[in-house]
Chemist: 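Pasting in a structure now, in structure tokens, and then I'll have a few things to ask.
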Amino acid sequence: MRPSSAAQTLRAIAGHDAVWLGAAAALGMAGGRSGRRAALRGIGSVAIVSALHHAMVKPAARNARPVRDAFPALFPRPGTASLPSSPLAPAAAFASGVALESPRYGLVALPFAAGLAAVRGRTGPVHRARVATGLAIGVGAALLTCRWWPVKPEAAAAAAPPRRPAPVLAGGKGLHVVVNPSSGTSWTQDTAEALKELLPEAELTVFEPGDDLVALLDAAARRAVEENGALGVCGGDGTVNTGSATAVRHRVPLAVFPGGTFNHFAVDLGNQTLEDVARAIHAGDAVVADVGRATSSTTEAAGSAPGEQQLFLNTFSIGVYSELVHARERLERRIGKWPALTVGLVKVLATGTPLSVVINGRPRRIWLLFAGNGVYHPAGFAPTYRTQLDDGLLDVRAVEAGTPLARTRLLLAVLTGTLHNSRVLRTAQVRRLELEVREGEPHFAYDGEVTESTYRRLILDKLPKAVTLYRPADQDQWLR
């Protein structure tokens with residue numbers, strides 16, 4: 001039976017990678033953060049199928065067609081050699097990748113792959129076998145992406161409730177919010193209007209070029225203390241870091257509004273939207289979280305401040321880590337997280353220089369050292385998320401430079417997804433760590449912001465449950 005024109009159109013559309021690029025772009029623009037992650041996993045799955053097609057199946061298909069090659073007039077060669085049920089494999093890969101990351105969006109993508117499978121399966125047992133092969137290849141490609149990029153759970157990180165309940169701020173009365181519109185791409189005039197509509201009684205202060213962010217936050221925190229209210233901050237992770245240090249110093253609850261490009265801490269906390277935070281403020285729902293602390297040693301050289309402290313909510317790092325993160329984030333939305341990580345790693349290793357350090361009394365040569373405020377996942381040096389905000393631990397990961405062929409082994413381990421088992425990566429979960437940089441530029445970075453430090457010796461530890469943070473109660477119910 002000749003396929004219908006609709007079926008032929010369906011097959012033709014599914015056979016072009018451009019349709020998946022378009023679908024990924026549409027999902028990324030319309031679906032928010034979870035949509036972007038689903039789109040990246042979907043298109044990454046299609047890329048694996050395409051690579052398999054061109055590297056393995058296409059040459060094999062050419063070699064398997066001697067009769068067609070001998071009689072080209074009778075058996076014209078198609079434009080491309082076919083992967084078993086080639087239109088179905090990328091369709092299954094994209095739909096499965098999207099479903100792995102976001103079942104909600106997967107429900108939209110899966111019917112297309114199912115419809116294509118039904119069309120292909122009507123033409124006899126041989127084609128049914130090809131359909132099964134195409135499905136297996138597509139689903140396998142999607143599952144393979146998890147080796148490099150584990151699926152992030154939908155639930156927010158676990159955290160305990162505060163000993164002293166956070167104040168209920170109806171309409172936002174008593175809430176003093178400092179907004180940094182230069183933190184990322186999320187802040188617009190519509191965002192300002194949304195905040196005013198959600199919290200009409202809150203006081204908003206917008207950071208302008210030339211302002212002192214610390215001074216603005218200190219003033220807002222003092223007013224919040226006087227009114228038995230709370231401090232609010234809207235911006236990226238660097239702004240949230242400064243806001244959390246202010247909240248700890250003044251012992252005032254903090255409302256974190258996602259207003260940056262990536263909003264790593266807000267996402268871990270469970271504050272995905274402005275509405276999430278406003279709901280928690282109206283109800284007085286809050287949790288407590290640990291804060292990481294770096295204290296310069298009292299034996300520093302002249303010119304530095306002994307005992308100087310810097311807090312961090314997400315990560316501390318030295319070496320090429322901050323350069324790697326910035327290189328990855330510049331490319332992530334275009335080519336996906338792990339391809340961007342690989343490209344960034346090649347660049348920073350080509351130009352970077354290892355550091356000679358002493359870690360808890362042991363000399364080391366390292367490319368980078370990462371210390372997370374809490375245990376991060378996945379394993380390796382590209383952590384993505386936490387499952388607990390008050391575990392009392394520092395998640396330390398160092399990439400060694402002293403082993404033979406360290407750069408080559410590091411790249412191979414990243415490409416094969418085996419870094420967590422590689423000898424170039426050292427990991428530990430500790431409550432305290434002493435660090436001294438003997439040779440090389442320290443480039444200490446806190447929550448991704450590099451500091452111009454003059455000191456070289458640090459003690460890293462935690463302030464347990466040091467900051468009270470608003471988040472909606474239904475995020476806690478996810479975890480029960």
Side-chain angles (χ1 to χ4, degrees), residues 32-33 156 166-167 169-225 227 229-250 252-287 289 291 311-314 329 389 446-449 467-472 475:
R33 184 183 178 91
L169 305 177
K173 186 174 179 58
L175 177 68
H176 295 266
V177 185
V178 175
V179 177
N180 185 357
S182 63
S183 292
T185 58
S186 299
W187 176 262
T188 64
Q189 188 58 39
D190 290 341
T191 308
E193 295 301 324
L195 269 177
K196 291 176 183 176
E197 184 176 341
L198 290 167
L199 300 161
E201 300 295 323
E203 180 182 321
L204 269 62
T205 302
V206 178
F207 173 81
E208 302 287 352
D211 286 345
D212 185 331
L213 181 60
V214 174
L216 288 181
L217 286 164
D218 273 330
R222 285 194 295 270
R223 293 194 296 271
V225 170
E227 299 174 18
L231 175 66
V233 62
C234 181
D237 285 300
T239 304
V240 173
N241 173 293
T242 308
S244 67
T246 305
V248 171
R249 190 162 57 248
H250 290 273
V252 64
L254 180 66
V256 176
F257 295 90
T261 303
F262 292 96
N263 303 309
H264 295 298
F265 185 76
V267 170
D268 282 349
L269 180 60
N271 291 346
Q272 301 273 4
T273 66
L274 301 180
E275 289 78 9
D276 289 334
V277 193
R279 197 166 69 250
I281 291 168
H282 288 142
D285 296 329
V287 294
V291 175
L311 304 184
F312 57 97
L313 280 176
N314 297 323
E329 290 181 344
L389 296 176
Y446 302 90
D447 292 342
E449 301 291 329
V467 61
T468 298
L469 301 153
Y470 283 99
R471 89 161 175 203
Q475 292 289 359

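Each residue takes its place number in the sequence, starting with 1.
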Chemist: What's the shortest heavy-atom distance between Ala230 and Leu169, and which atoms?
Modeler: CB-CD1, 3.9 Å
Chemist: If you round to the nearest 0.5 Å, how far is CZ of Arg222 from CG of Leu217?
Modeler: 10.5 Å
Chemist: Without hydrogens or angle criteria, can the side chains of Thr273 and Asp276 be said to hold a donor-acceptor pair below 3.5 Å?
Modeler: yes
Chemist: Establish, from distance only, whether the side-chain atoms of His264 and Asp447 form a donor-acceptor pair under 3.5 Å.
Modeler: no
Chemist: Give me the atom names and distance for the closest heavy-atom approach of Leu274 to Ala194.
Modeler: CD1-CB, 4.1 Å
Chemist: What are the two closest non-hydrogen atoms of Val277 and Pro258, and how far apart are they?
Modeler: CG2-CD, 4.2 Å
Chemist: Any side-chain heavy atom of Val178 within less than 4.5 Å of one from Leu204?
Modeler: no
Chemist: Measure the NE2-CG distance between His176 and Leu216 for me, rounded to the nearest 0.5 Å.
Modeler: 13.5 Å
Chemist: I need the minimum non-hydrogen distance between Tyr470 and Pro253, along with the two atoms involved.
Modeler: CE1-CB, 4.0 Å
Chemist: Does a side-chain heavy-atom distance below 4.5 Å link Val291 with Val248?
Modeler: yes
Chemist: Between Asn271 and Val267, is there a donor-acceptor pair closer than 3.5 Å when you use the side chain of the first and the backbone of the second?
Modeler: no
Chemist: Is there a donor-acceptor pair closer than 3.5 Å between any side-chain N or O of Arg471 and the backbone N or O of Gly270?
Modeler: no
Chemist: Heavy atoms, side chains only, cut-off 4.5 Å: are His282 and Leu199 in contact?
Modeler: yes
Chemist: State the OH-CG distance between Tyr446 and Leu311, to the nearest 0.5 angstrom.
Modeler: 10.0 Å
Chemist: Taking the side chain from Asp212 and the backbone from Ala215, do they hold a donor-acceptor pair closer than 3.5 Å?
Modeler: yes
Chemist: Keeping Asp211 on the side-chain end and Leu213 on the backbone end, is there a donor-acceptor pair under 3.5 Å?
Modeler: no
Chemist: Carefully, step by step, assess Asp218 and Thr246 under the rule side-chain contact (heavy atoms from CB on, under 4.5 Å).
Modeler: CA-CA 6 Å; Asp218 273 330; Thr246 305; 3.7 Å; yes
Chemist: Using a 4.5 Å cut-off on heavy atoms from C-beta on, say whether the side chain of Arg223 contacts that of Thr205.
Modeler: yes
Chemist: Looking at side-chain heavy atoms only, is the closest gap between Ser244 and Leu254 below 4.5 Å?
Modeler: yes
Chemist: Measuring only between side-chain heavy atoms, which start at C-beta, is Val256 closer than 4.5 Å to Leu469?
Modeler: yes
Chemist: Nearest 0.5 Å please: distance from the CZ atom of Phe265 over to the CG atom of Asn241.
Modeler: 10.0 Å
Chemist: State plainly whether the residues Arg279 and Asp285 are in salt-bridge range, i.e. N to O under 4.0 Å.
Modeler: no
Chemist: Is Phe207 close to Cys234 at the side-chain level, that is, under 4.5 Å between some pair of heavy atoms?
Modeler: no
Chemist: Measure the spacing between CG of Leu175 and CD of Glu203 and express it to the nearest 0.5 Å.
Modeler: 9.5 Å
Chemist: Could you report the tightest heavy-atom contact between Ala286 and Thr468, atom names first, then the distance?
Modeler: CB-CG2, 3.9 Å
Chemist: Checking side-chain polar atoms at under 3.5 Å, does Asn314 have a donor or acceptor matched by the opposite partner on Asp237?
Modeler: yes
Chemist: Test Phe257 against every option in Val240, Val179, Leu198, Leu195 by the side-chain contact (heavy atoms from CB on, under 4.5 Å) rule and name the one that passes.
Modeler: Leu195
